[in-house]
Structure formats: C-alpha cells, structure tokens
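Scroll down for the structure; my scribbles are underneath it.
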There are 2 protein chains.
Amino acid sequence: MNNNSVFINKLRSSGLRPTKQRIKICKLLFDRKNTFHFTINHLNNILKNKYVEKISLATVYNTVHAFKKMGYLKEISINSDKSYYDTNVTNHHHFFDENKRELIDLDDKDVGKINIKKVLPGKKINSIEVLVKIANNN
Amino acid sequence: MNNNSVFINKLRSSGLRPTKQRIKICKLLFDRKNTFHFTINHLNNILKNKYVEKISLATVYNTVHAFKKMGYLKEISINSDKSYYDTNVTNHHHFFDENKRELIDLDDKDVGKINIKKVLPGKKINSIEVLVKIANNN
DNA sequence: GATGTAAATTATAATGATTCTAAACTAGAG
DNA sequence: CTCTAGTTTAGAATCATTATAATTTACATC
Ligand SMILES: [Mn+2]
Ligand SMILES: [Mn+2]
Ligand SMILES: [Zn+2]
Ligand SMILES: [Zn+2]
C-alpha cells in the first residue's frame with residue numbers, strides 16, 4: 001500500500017509537479033498489485049466514481065500523456081477505435097479478449113523467444129510484440 | 001494484368017454488385033504483384049489522382065468495409081490514429097517503419113513458429129500476430 | 001507568510017477519422 | 001422495359017482526441 005509521498009517523489013523526480021489530480025491518478029493506476037490495462041474513458045469513469053471533486057477530461061488526457069512520456073505508462077494499439085494504456089511498461093505480449101474487449105498480459109515464457117531473421121539496412125528494431133486475439137469457444 | 005471480368009466475377013461470387021466504383025477500387029487494390037498496405041485517406045488520394053470521375057469518400061469507406069467483410073481485405077491496427085488495411089489477408093506478421101509510418105510484410109520464416117503456452121479455459125485463439133517496430137539507425 | 005511566475009487545470013472549441021442519413025441513382029431480375 | 005433492392009452520394013452526426021485561452025495552483029524567492 002503506497003502512500004502519497006511515494007507518488008510525490010516519483011512525480012518530482014521526473015519534473016512533474018505533484019498536483020492533487022496527478023496524485024489521485026497515480027494512486028488509481030500504480031497503487032495495485034497487478035498490471036492495469038485501460039482506456040481514457042475507462043479511467044475517467046473510475047475517477048468520477050471514486051472522487052467527488054471532478055478531474056476534467058482534458059487533465060486526464062494531459063496526465064496520461066505526461067505519464068506515458070515519463071515512461072510510467074505504455075500505449076497499446078489494439079484497434080483504431082481508441083487507445084489502450086498499460087501500467088506494465090516493459091516490452092511484453094498480450095492476449096486480447098475479443099468478447100470482453102480487454103487485454104491480458106502474457107509472460108515471456110508463455111510465448112518464447114522471438115528471433116526476427118529479416119534485417120532492413122539502416123533500420124533498427126525498437127520493439128517486438130505479439131498480440132494473440134482470443135474469443136469464447138463455440 | 002487482371003482484366004475487369006476477373007473482378008466482376010470476384011464481386012458477383014460474393015454477392016456484391018459489380019459497380020464501376022467497386023471495379024475501380026478492385027483494380028487499384030488487387031491488380032498488383034505485391035501486398036498493398038494502405039489507409040482510407042491514402043486510397044482516396046490515389047483514386048482522386050487516377051480517375052477524373054470522383055468516388056465519394058463514403059463509398060470508399062463502404063467498399064473497403066464490404067471487401068473486409070468478404071475477406072478480400074484485412075484490417076491492421078498499428079495505432080489509434082487511423083486504420084490500416086492489407087491486401088494480404090492471411091495471418092501474417094509485420095514490420096512497422098516508424099519513420100515512414102508504413103507496414104512491411106514479414107514471412108513466417110522471418111519470424112519462426114510461435115507457440116503460445118498459456119491457455120485460458122473457454123477461450124480459443126483466433127490469431128497470433130507479431131508487430132516489429134523499426135526505425136532509422138542512430 | 002506574502003509575491004511573482006511558470007506550470008497545470010479547466011471548460012470549451014476545434015479537429016479529424018469514421019459512421020450515419022436520406023435522397024438520388026443503377027444493376028439486373030423478371 | 002419496369003421495378004426494386006442495392007448502391008452511391010453529399011452532407012450531417014458522432015466520438016476520440018487535441019488545441020485554446022482563461023483561471024488557478026505550485027513553489028521559489030523574498
Ligand atoms: Mn476496428
Ligand atoms: Mn498514437
Ligand atoms: Zn500489458
Ligand atoms: Zn501485411
């Protein structure tokens with residue numbers, strides 16, 4: 001159970017002022033055991049339910065972008081409808097449940113090492129990610 | 001070099017009327033040797049340059065959706081800005097060049113077999129795709 | 001603790017991709 | 001040729017996201 005000072009330090013150390021909005025969002029995103037995958041809309045709804053004082057949607061966007069820029073969040077592209085964000089900022093793989101429309105992390109050991117044999121001159125590999133789309137049986 | 005009757009048959013056989021708009025788009029998309037990756041905007045621009053008679057943007061969307069539904073096109077999700085479409089409708093992997101912002105097909109042999117070890121009860125795997133983000137060196 | 005200033009928040013407008021609507025047009029069956 | 005369902009179309013609507021510009025806040029300096 002993190003307390004606010006952890007988040008205040010985290011924000012300060014990366015040049016972000018610890019405002020009450022950012023701290024609330026930090027608590028919501030990072031004060032948990034498991035990876036959290038969410039959309040802006042999802043996050044915004046949770047914030048509306050959890051706190052009386054509203055955080056403007058623009059601030060939710062701004063904050064998520066700031067956290068992404070600082071490497072606290074990672075953006076995942078599943079479809080072009082909306083962006084998904086991930087509190088697991090490492091390079092990793094996903095199941096995407098097409099019925100629940102939600103992401104599930106895959107461990108590297110669930111996928112195995114991927115070795116790309118093709119090389120393009122002048123280009124370097126930035127990331128290798130596997131997306132496994134799953135759906136209900138039958 | 002396909003002639004129109006190939007496309008007319010293709011459309012007919014899947015219950016789509018061969019209109020002049022659909023035939024033009026077929027020629028543009030499928031009368032080529034290599035896989036074509038495109039966005040709606042990209043396709044629309046090519047059509048505007050290639051033909052004097054304009055095809056309305058709504059028709060371009062309608063047609064691409066119809067082709068996707070019929071399995072002539074595949075949608076690829078790279079980011080949430082816009083959708084990419086692919087004339088290679090098989091399950092396959094991609095490079096995404098972050099500088100040119102374009103997709104490049106990877107052969108299965110460039111990636112190797114991917115064996116997902118994790119199983120979720122009640123769920124089946126629909127597709128497994130690898131996205132390798134690349135960018136200019138240095 | 002008061003003051004000044006840059007950073008942040010906010011409501012609202014703008015943007016841009018996509019989808020919807022409803023009227024006009026057309027393919028093709030009969 | 002006629003009729004009708006399918007298609008195209010311009011334009012409006014929608015929705016996620018970004019921009020704007022005024023207000024508020026954090027916090028360094030006094
Ligand atoms: Mn989609
Ligand atoms: Mn993006
Ligand atoms: Zn994840
Ligand atoms: Zn492809």
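Numbered from 1 within each chain, the chains take letters A, B, ... in sequence-line order.
Atom pair B/L43:CG and C/dT18:C1' shows a separation of 15 Å (rounding to whole Å applied). Atom CD1 in A/I40 sits about 14 Å away from atom C1' in D/dC15, given to the nearest Å. Rounded to an integer number of Å, the gap from A/N44 CG to D/dC15 C1' is 14 Å. Here the C1' atom of nucleotide C/dA17 and the CG atom of B/N41 are 9 Å apart, to the nearest Å. As rounded to whole Å, 11 Å separates atom P of D/dA16 from atom OH of A/Y84. Nucleotide D/dC15 holds its P atom 16 Å from the CG atom of A/N79, rounded to whole Å. Atom CG of A/L11 and atom C1' of C/dA7 are 13 Å apart (whole Å). The distance between atom CD1 of A/I23 and atom P of C/dA7, rounded to the nearest whole Å, is 19 Å.
Note on ring orientation: taking the six-membered ring where Trp is involved, the planes of A/Y84 and A/F96 are perpendicular (angle over 60°, cut-offs 30° and 60°). Using cut-offs of 30° and 60° on the angle between ring planes, the pair A/H92 and A/H37 is tilted.
For the residue pair A/Y72/A/T87, the side-chain donor-acceptor check at 3.5 Å is not satisfied.
The ring-ring contact (aromatic ring centres under 6.0 Å, His included) check on A/H65 picks up nothing, with sequence neighbours excluded.
Using a 4.0 Å cut-off between a side-chain N of Lys or Arg and a carboxylate O of Asp or Glu, B/E129 and B/K74 qualify as a salt bridge.
Distances shown here put every side-chain N or O of A/H65 at or beyond 4.0 Å from the OP1 or OP2 atom of D/dT17.
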Mark up nucleotides 5-11 of chain D, 5' to 3', with B wherever a protein heavy atom is under 4.0 angstrom from a base atom, S wherever such an atom reaches only the sugar-phosphate, and - elsewhere.
-> BSSBBB-
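Annotation: of the two residues near DNA chain C, B/Y61 and B/P18, the 5′-most nearest-nucleotide partner is B/Y61.
At a threshold of 4.0 angstrom between heavy atoms, the contacts of B/T39 with the nucleic acid are absent.
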Report the C-alpha separation of B/K123 and A/N136 in whole Å, then their side-chain angles, then the decisive distance to 0.1 Å, and conclude whether the side chain to side chain donor-acceptor pair (under 3.5 Å) test is met.
-> CA-CA 5 Å; B/K123 299 286 178 182; A/N136 294 339; 2.5 Å; yes
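Taking only side-chain atoms of A/K82, from C-beta outward, the nucleotide of C/dT18, D/dT17, D/dA26 with the closest atom is D/dT17.
Of the options B/D105, B/T90, B/D86, a side-chain hydrogen bond (donor to acceptor under 3.5 Å, both in side chains) to B/T35 is made by B/D105 and by none of the others.
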